[in-house]
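These numbers come from a predicted model, not from an experiment.
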Amino acid sequence: MMIEYNNQVFGLHGEGFSCLLRVNDYGLLEMLHFGAPVSTGDAEAFVCRPGLGWGASVLLKDGDTESCPDVLPLAFSGSGRGDYRESPLCLGGVSTDFRFHSYEILDGIASMEGRLPQAKGNAQTLKIKMIQPGAELTLYFSVFSEVLTRRTVLKNTGEMPVQITKIMSSMMDLPGNFAMTTFDGGWIAEMRKHTVKVTQNRVVNESTTGFSSYRHNPGFLLSEPDATEKSGRVYGFNLIYSGNHYGSAQQSLQGFTRVLQGISPDNFLKELQPGESFESPEAVMAFSDGGFAHLSLKMHRFVNTCIVPEYWQFKERPVLFNNWEGCMFDFDHNRLINLAKDAKELGCELFVLDDGWFGARNDDKAGLGDYTVNKKKLPYGLFELAKKINALGMDFGLWFEPEAVNPDSDLYRAHPDWALTDGFIPITGRNQLHLDLTKPEVRDYIVENVCGILDGAPITYVKWDMNRHSIALGAKAHDYILGLYEVLNRIFTPRPHILLESCSSGGNRFDLGMLCYGPQVWCSDDTDPIERLTIQENLSYLYPQSTFGAHVSAAPHAQTLRDTPLCTRGNVSFFGCLGYELDLKHLLKLEREQIAEQIAFYKKYRAAFQFGTFDRLENGWQVTKEKIALAAVFRKLLPAAPGYETLRLQNLAQEKQYRFSTFAQKLRIGQFGSLIKHVVPVNLDPNGMILRTADRLITMPDGNQRLTASGAALMAGVRLLPLFRGTGYDQNQRTLSDFGSDLYIIEEEETLENT
Ligand code: GLA
């Protein structure tokens, strides 16, 4: 990567992309190019020449159409001074007109002044200063190997206060026609993908709930009309921020699409006193001309190397057991120990005690804020519990929700003024209020409290939850997030070995800001694997699978009542950080065996599942790491008489030979109901004892396929064993029907000389 300056042009070059900026004669910063690699000397090819101009446009200098800000592609702009497209900066209803002043090129990143997290790692940074009377704007551009980041700092250099009502981290004018893809949803319905054409109507991806939110993930994509998974030009955008965000795209008459990224201006207001500065969060952007898959790969590598805490980079994550879906609030020391014994036997490595271990927390109505152990449930305390679990051979992890408080709690009774208020009667969400993290005494309390617990027992994992939307508006919403970052920093920077998984009613805060503190996020309270196919696949556009908390839970499922085979529950959760979250007590022996096999299998291939190259296939997912690939095909509803299915693998070496085999799976007898009479001589009652008992004890092999072929053949497409077609059971067919799945291991064979 390299940043250079030559003849009024800045060239920012990373792997597979270049960005060219030009300071024009009027001191405007033109956005000449962001896309495929070019050289800085190519600038002339990208300069827009307005010629006779467009009617009714405003010129900075009479008679010179090249001084028309409205028709030039720009990298930042002002308000009311001739560029009538969406402005990245609004200063309390007055015009702004910043012009180029100076620049600096720095090795590495330019550290932020305040508490916002930022990307780290190998980088070069361009710092451009723009000025207008009374204010100074600094634009930071950092080139990481495959990604460009940007942020904005505004300084009041005048004598009077300056009001900021909108300040974007990044602005880009990109030529061409695009569709914008956003990831939207809500509780248990995260990451639903929507794509709309970008025209002269503005398309906005925004959160106004106080947090990054599952309503609209901060990440979005722009793609050209012919872009596919494997070809075409695609841009990816994200923000290293956990609060209200804003992203927009709008095409101008001249054919440039203006893309803005930053804090949502909704109800935003920040007053800067003379000498004060405001820094925006860091925006992330990436480009690929190799389609969505390649764009995702760049985003994945960036998150894995420049976002997540260094300690956890490429460190394999433990298989965990979480007691929430199995117990909810109903547990005690003995029940937990029994669960832990079972979990250990199955192969789990970490036991996580979720909500309900403290204060009067027997449901979600009370106790939040009082992190003293509930002695009725845990008479021996956390230390003893953790020690017992350690003695079983497992690590111990704990749930907290430190940002919130129940009005029915000792903390609230002692400090009602610590709750975040807006001057009206308090309104609760999940029976709780927020603590006001803009107050230093609240932050100190949280840090002392949480650290006291973390240091008082051998705790190696924290699930940091947050279960309501905020009421904080404007600058306070931003200050709240800064307070949160301070708290996270104070707790976890001195304790890097603690694996932090953030959670917010599931994926309500799945963002790059939280990932700077903890490398995993609980994707969704919806653990139904068929739902997870959507959630995890759509997350994969922007985030690597190492960031996905993915658990196997009970069937029928709590959110959908769908009864999904255990193998599919496992096969979906494998593509992330695997955990189990169900009551183990009532599992059948054959289910236990299957889970033990799943965990052993996952551990063997864990590095590939967590850190391998992820591919979205037509009918499933694949991960590839060095000589190993793992691919799953998933079924939703099986049609009658289905045709042959082809699995087109990716990323293999054309000329190498591979062993292709199924991760063996089994069928339950009960799946066949009364149909069993067709294969046994006696007419058995499908609801009778014999079949019910057989269902618990006997399994039948299902569609185990083995072959050897070249990478070229497997990438051309391997024909899978046929699916059930209403013509009977055959172990050489895939009989698992609706919501079934198959997982394949593809291993490079040693070359003949080596064997
Ligand atoms: C939220 C989380 C769940 C669980 C509960 C506990 O809903 O998303 O995983 O931790 O809180 O109350």
Side-chain angles (χ1 to χ4, degrees), residues 325-326 342 345-347 527-533 551-558 560-574 578 580-602 632-640 642 661-705 720-744:
E325 288 196 23
D342 280 349
E345 230 177 81
L346 298 175
T527 48
D528 176 308
I530 302 305
E531 295 287 303
R532 280 294 184 116
L533 285 179
H551 299 178
V552 170
S553 60
H557 191 266
T560 58
L561 286 181
R562 188 178 287 126
D563 195 356
T564 315
L566 184 51
C567 76
T568 299
R569 285 179 269 156
N571 289 347
V572 172
S573 302
F574 288 164
L578 177 68
Y580 285 77
E581 189 163 339
L582 69 172
D583 194 351
L584 303 175
K585 190 171 158 196
H586 302 294
L587 288 179
L588 300 174
K589 187 164 161 282
L590 56 86
E591 289 173 317
R592 280 173 197 269
E593 282 165 8
Q594 197 175 344
I595 290 178
E597 280 165 19
Q598 286 179 337
I599 294 178
F601 175 80
Y602 179 78
V633 297
F634 300 108
R635 285 179 284 294
K636 291 186 178 166
L637 296 184
L638 186 80
S661 61
T662 311
F663 171 44
Q665 62 186 32
K666 295 155 189 157
L667 290 172
R668 297 269 299 266
I669 297 268
Q671 180 182 339
F672 300 97
S674 65
L675 298 174
I676 207 78
K677 66 179 174 241
H678 297 303
V679 288
V680 291
V682 279
N683 196 351
L684 290 170
D685 173 0
N687 295 314
M689 268 298 282
I690 298 183
L691 270 184
R692 289 231 305 272
T693 311
D695 181 47
R696 285 152 185 262
L697 298 175
I698 304 170
T699 56
M700 290 142 59
D702 182 41
N704 292 328
Q705 188 167 7
L720 301 178
L721 290 180
L723 289 156
F724 180 72
R725 284 140 290 149
T727 43
Y729 167 75
D730 168 8
Q731 65 169 352
N732 292 319
Q733 99 191 344
R734 293 175 296 150
T735 302
L736 206 51
S737 59
D738 290 354
F739 314 124
S741 60
D742 307 277
L743 183 66
Y744 300 97

- prompt: Do Thr527 and Glu325 get their side chains close enough for a donor-acceptor pair, meaning under 3.5 Å?
  reply: yes

- request: Specify whether Phe601 and Phe574 have parallel, tilted or perpendicular ring planes, treating 30° as the upper limit for parallel and 60° as the lower limit for perpendicular.
  value: tilted

message: If the condition is salt bridge (Lys or Arg N to Asp or Glu O under 4.0 Å), which residues does Arg592 pass it with, not counting sequence neighbours?
response: Asp342

- prompt: Can you name the residues that form a salt bridge (Lys or Arg N to Asp or Glu O under 4.0 Å) with Asp685, not counting sequence neighbours?
  reply: none

statement: For Lys636, the salt bridge (Lys or Arg N to Asp or Glu O under 4.0 Å) test, sequence neighbours excluded, returns none

query: Nearest 0.5 Å, what's the CD1-CD1 distance between Ile690 and Ile669?
result: 12.5 Å

task: Go through Arg725 and Gln733 one step at a time and tell me if the side-chain hydrogen bond (donor to acceptor under 3.5 Å, both in side chains) criterion holds.
output: CA-CA 9 Å; Arg725 284 140 290 149; Gln733 99 191 344; 2.8 Å; yes

- prompt: For the atom pair CG (Asp738) and CD (Gln671), what is the distance rounded to the nearest 0.5 Å?
  reply: 9.5 Å

query: Taking side chain as C-beta onward, heavy atoms only, is Gln731 less than 4.5 Å from Asn704?
result: no

query: Taking Asp702 for the side chain and Thr735 for the main chain, is one N or O donor matched with an acceptor at less than 3.5 Å?
result: yes

- request: List in chain and number order the residues that pass side-chain contact (heavy atoms from CB on, under 4.5 Å) with Glu591, two or more places apart in sequence or in another chain; answer none if no residue qualifies.
  value: Leu566, Leu587, Leu588, Arg668

Set of side chain to side chain donor-acceptor pair (under 3.5 Å) partners for Thr568, sequence neighbours left out: Ser741

message: Could you check whether Gln705 and Arg734, counting side-chain N and O atoms only, form a donor-acceptor pair closer than 3.5 Å?
response: no

message: The criterion is side chain to side chain donor-acceptor pair (under 3.5 Å); which residues satisfy it with Ser737, sequence neighbours excluded?
response: none

Ion pair check, Glu593 and Lys666, cut-off under 4.0 Å: no

